[in-house]
Amino acid sequence: MHSGGAALSPVGCLALLWPGCDPALVDPAARQRIEQVVAGFSSVPRIALELRLADGDRRIDLHQRITRAHGEPALLAAHLADAPNDPIRTFLIDWADDTDGLAGDIEQIFLEWDVTDAPGAVATPAVFLPVDLRRDPATARRSRRALAVDLIDRLQPGGAGRRAVEALCNALPLDFSISHVGAMSGRAAGVRINLRAVQRGTLGAVLQAIGWPGEIAPAVTWFDRLAAASDRVTVALDLDRAVLPRIGFEVFLDAPPQQEPRWEQLLDMLVGAGLCAPDKRAALLTVSRTLLPEAPGQAWPAQWLLAAAASEPTLLPWFEVQLSHVKLTLGLQGAAEAKAYVSAQHHWSRKSTPLAPAEPPRSRGEAIEAAVGFLLAARRQDDLWDDFRLVNGSSDEWVSAFVGLALARLERPALAEFLDQTRRAIEARWRPGSGWGYNAVSPADADSTAWALKFLNAVAPRSGCIDGARAFLACHRLADGGIATYAPSTPIRIGAMAVAAPGWRGSHDCVAANAAPLLDGALDGYLRERQQPEGGWHAMWWKTDAFATALALDSVGADAAVTQRAIGWARAQKLSTASPFDRAWLASILMRGDKDDRARAAAMLDLLAAEQCDDGSWVAGAPMLFPAPDSAGRDPGGAVLLDIRRSFTTAAVLMVMDQAARRDRGGA
């Protein structure tokens with residue numbers, strides 16, 4: 001892939017960053033100093049600013065990520081050719097040239113510089129290296145940790161860093177993931193180790209196991225608060241000859257502030273704790289954006305334009321500024337500091353992506369195991385899942401109930417602890433006297449509440465939330481016999497605007513199909529009346545009808561005539577363009593048919609097993625709609641919102657494959 005070489009200087013990142021970066025974050029004097037420092041970086045158009053958030057604290061550090069793509073190792077090696085010789089330079093050149101065969105183990109490195117106001121050369125950077133890869137088996141983690149110990153010894157000769165890292169790795173169980181290890185040149189702490197995927201409720205035991213000398217209670221309190229407010233939190237530990245009493249929490253949200261309201265809540269938490277100045281909070285919420293070279297009103301660097309003109313026709317340049325994450329650090333005597341990280345980088349995208357080579361197909365049993373592994377790995381640190389992305393953020397309450405139910409129906413003792421953790425998280429989200437919603441910032445609705453009730457009935461049928469939530473669900477019944485997604489009295493907001501949303505308060509067949517088993521047959525007559533002549537049920541919130549039809553049959557499938565019409569409808573659907581999500585539900589319907597229908601369903605599920613991605617997921621295919629609030633019906637041509645994390649589709653296919661396995665065993 002063409003990189004543009006020196007033409008894509010990282011100084012160009014600053015030229016596009018500054019116009020949208022409020023002076024509250026970087027004042028003019030600091031900008032000049034940063035430009036001087038970045039001019040001395042390797043010609044990789046990717047940088048990040050590390051910004052202190054306290055009022056009056058103008059310190060800024062710089063980061064650069066170097067990958068093995070786009071010719072970046074050669075650019076790094078050329079940049080370091082005349083640099084003073086030291087262990088870090090030697091290691092970086094060896095990695096760039098793949099002298100020691102490390103390319104396959106280290107796909108990327110992070111460099112970090114402490115920037116001061118003093119003129120002259122910038123200090124040697126800190127170097128951060130990946131350790132455990134996501135979903136690594138224990139054997140792979142053991143070997144990668146041994147490699148990390150050796151590399152720290154190369155970067156910091158003398159043995160103290162090596163011994164500290166080795167001791168920490170030995171103290172941590174293999175099921176705890178070390179994401180990165182860093183050689184912190186010029187810092188009081190010689191080494192930093194980052195732990196990923198620490199679940200809420202477990203940090204205290206981890207800190208005790210490694211002998212962390214700080215105050216554990218406040219660290220656990222902050223971690224639990226941050227994990228509940230984010231998509232993930234990485235725990236950063238500093239080491240010298242032993243673990244030091246500082247601890248850092250790197251807090252990530254996967255969507256920018258314009259699409260994720262939890263950014264405001266997270267920054268408000270830091271402002272309330274006196275750790276973030278209000279003007280910096282406001283500036284961070286507006287800094288993220290995407291730019292294209294042809295867009296009006298911005299000055300794309302001239303050399304970048306020349307590089308774009310000289311690039312391959314299949315490559316498209318674009319630029320992204322992103323609020324990457326925030327970090328809270330706790331020091332001695334409870335002293336706390338907050339930082340924000342803003343990345344600015346140039347991208348090359350291909351117009352089309354070549355197909356990956358085919359892998360041997362999995363059996364359905366293997367597919368089920370892989371899907372379970374994927375879903376467990378996709379669970380957030382607050383024990384919930386999230387997917388889909390709207391203006392009100394991603395869904396975690398509705399999605400978690402659905403994914404949790406798919407796992408609960410497997411009835412596996414090994415999953416009991418995981419499901420109980422999610423049960424507690426779901427119960428904590430219940431609004432007393434109400435139910436559950438799309439997420440914590442959205443009002444409770446009938447559909448999300450129905451899925452949460454199904455999940456709780458499966459894992460904790462005596463839960464104290466169930467009776468109140470069932471009463472809330474029943475309140476959504478309408479005079480026509482159907483059920484609405486939102487009750488007439490429920491206040492609804494889209495972003496900051498209150499809406500009447502009469503369309504969302506009408507009868508919705510897909511919601512009725514979901515809620516019917518929970519309301520003791522009260523919706524069965526309505527569902528029979530609403531079956532379409534061709535045999536399916538129309539969904540309000542989905543572009544296609546397979547999901548709603550399969551759910552409706554769960555309630556009224558005992559009616560033979562109704563079932564046969566639905567099977568006939570499923571036979572008539574075009575499978576060549578159907579997503580894995582829809583094909584799974586069509587197979588669920590066909591399982592209820594004759595021998596030929598069941599054979600067709602089995603073939604569909606075998607094909608789905610063969611199509612499963614390497615990580616155990618299926619390609620995102622749940623086609624959710626976001627109909628206009630005043631629309632009485634769905635817009636078939638409306639924009640489709642897919643489950644970009646693939647958890648909803650994967651849980652759906654898992655649910656149907658398990659259903660088929662039960663039928664094969666003669667179960668219900």
Side-chain angles (χ1 to χ4, degrees), residues 132-142 144 174-177 196-197 199 232 353 355-381 383-388 399-419 421-422 455 458-459 547 578-588 591 601-622 642-665 667:
D132 299 335
L133 302 181
R134 294 184 185 276
R135 304 185 182 89
D136 262 349
T139 52
R141 289 188 177 181
R142 197 174 284 111
R144 290 186 66 87
L174 286 173
D175 57 352
F176 278 90
S177 179
R196 71 156 71 92
Q199 296 297 122
R232 61 191 182 280
T353 303
L355 295 176
E359 295 289 338
R362 287 178 170 137
S363 68
R364 270 191 264 162
E366 292 170 333
I368 287 174
E369 297 306 317
V372 171
F374 171 82
L375 292 174
L376 292 179
R379 193 176 62 146
R380 295 189 323 209
Q381 287 161 292
D383 304 317
L384 298 175
W385 288 266
D386 69 313
D387 223 322
F388 302 100
V399 167
S400 294
F402 182 79
V403 176
L405 179 63
L407 293 171
R409 285 182 173 173
L410 297 174
E411 296 182 343
R412 294 188 178 185
L415 298 178
E417 181 179 353
F418 296 102
L419 293 171
Q421 293 164 350
T422 297
F455 170 68
V459 299
F547 189 26
S579 69
F581 180 82
D582 281 336
R583 281 184 281 139
W585 294 116
L586 291 172
S588 176
M591 284 181 210
M604 292 165 65
L605 294 178
D606 288 340
L607 182 58
L608 283 171
E611 293 174 354
Q612 190 178 36
C613 300
D614 290 343
D615 63 3
S617 70
W618 278 272
V619 174
L642 293 177
D643 53 324
I644 58 174
R645 296 186 186 279
R646 309 186 303 282
S647 60
F648 205 86
T649 291
T650 301
V653 180
L654 173 64
M655 203 178 286
V656 176
M657 283 191 172
D658 177 62
Q659 179 186 11
R662 289 172 182 274
R663 288 181 178 271
D664 290 344
R665 294 193 301 266

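In this chain, numbering begins with 1 at the start of the sequence shown.
A heavy-atom distance below 4.5 Å is not found between the side chains of Asp606 and Glu611. With contacts defined as side-chain heavy-atom distances shorter than 4.5 Å, the pair Val372/Arg412 qualifies. Side-chain contact between Ile368 and Leu654 is present, with heavy atoms from C-beta onward closer than 4.5 Å. Within the 4.5 Å cutoff, the side chain of Arg583 has no heavy atoms near those of the Val653 side chain. Between Leu407 and Phe418, every side-chain heavy-atom pair lies at or beyond the 4.5 Å cut-off. Put simply, the side chain of Arg662 reaches to within 4.5 Å of the side chain of Arg665, judged on heavy atoms. The shortest side-chain heavy-atom distance between Asp386 and Val399 does not fall under the 4.5 Å cut-off. Counting heavy atoms from C-beta outward, Val619 and Cys613 have side chains that approach closer than 4.5 Å.
A donor-acceptor distance shorter than 3.5 angstrom exists from the side chain of Glu366 to the backbone of Ser363, with no hydrogens or angles considered. Between the side chain of Thr650 and the backbone N or O of Trp618 there is at least one donor-acceptor pair closer than 3.5 Å.
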Test Asp132 against Arg196 for salt bridge (Lys or Arg N to Asp or Glu O under 4.0 Å), laying out the working first. CA-CA 9 Å; Asp132 299 335; Arg196 71 156 71 92; 5.8 Å; no
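Closest approach of Arg364 and Ala602 over heavy atoms only: NH2-CB, 3.6 Å. The nearest pair of heavy atoms linking Val656 to Ala584 is CG1-O, 3.3 Å. Closest heavy-atom contact between Asp643 and Gly621: OD1-N, 3.2 Å. Taking each heavy atom of Phe455 and Ala401 in turn, the nearest pair found is CB-O, 3.7 Å. Scanning all heavy atoms of the two residues, the minimum distance from Leu642 to Ala620 falls at CD1-O, 4.0 Å. Here the closest heavy-atom approach between residue Asp383 and residue Gln199 is recorded as OD1-NE2, 2.6 Å.
Within the model, atoms CZ of Arg645 and CZ of Phe388 stand 12.0 Å from one another, a figure rounded to the nearest 0.5 Å. If you take CG on Leu608 and OG on Ser579, they are separated by 9.0 Å, rounding to the nearest 0.5 Å. Between Asp658 atom CG and Glu411 atom CD the span is 8.0 Å, to the nearest 0.5 Å. Considering CE of Met657 and OG of Ser588, their distance stands at 12.5 Å, rounded to 0.5 Å. Summarising the geometry, atom OG1 belonging to Thr422 is positioned 10.5 Å from atom CZ belonging to Arg380; distances are rounded to the nearest 0.5 Å. Put simply, CZ on Phe648 and CZ on Phe581 are 5.5 Å apart, with the number rounded to the nearest 0.5 Å.
No side-chain donor from either of Ser617 and Gln612 sits under 3.5 Å from a side-chain acceptor of the other. Residues Arg379 and Gln421 bring a donor and an acceptor atom of their side chains to less than 3.5 Å of each other. Side chains of Asp387 and Ser647: a donor on one and an acceptor on the other come within 3.5 Å.
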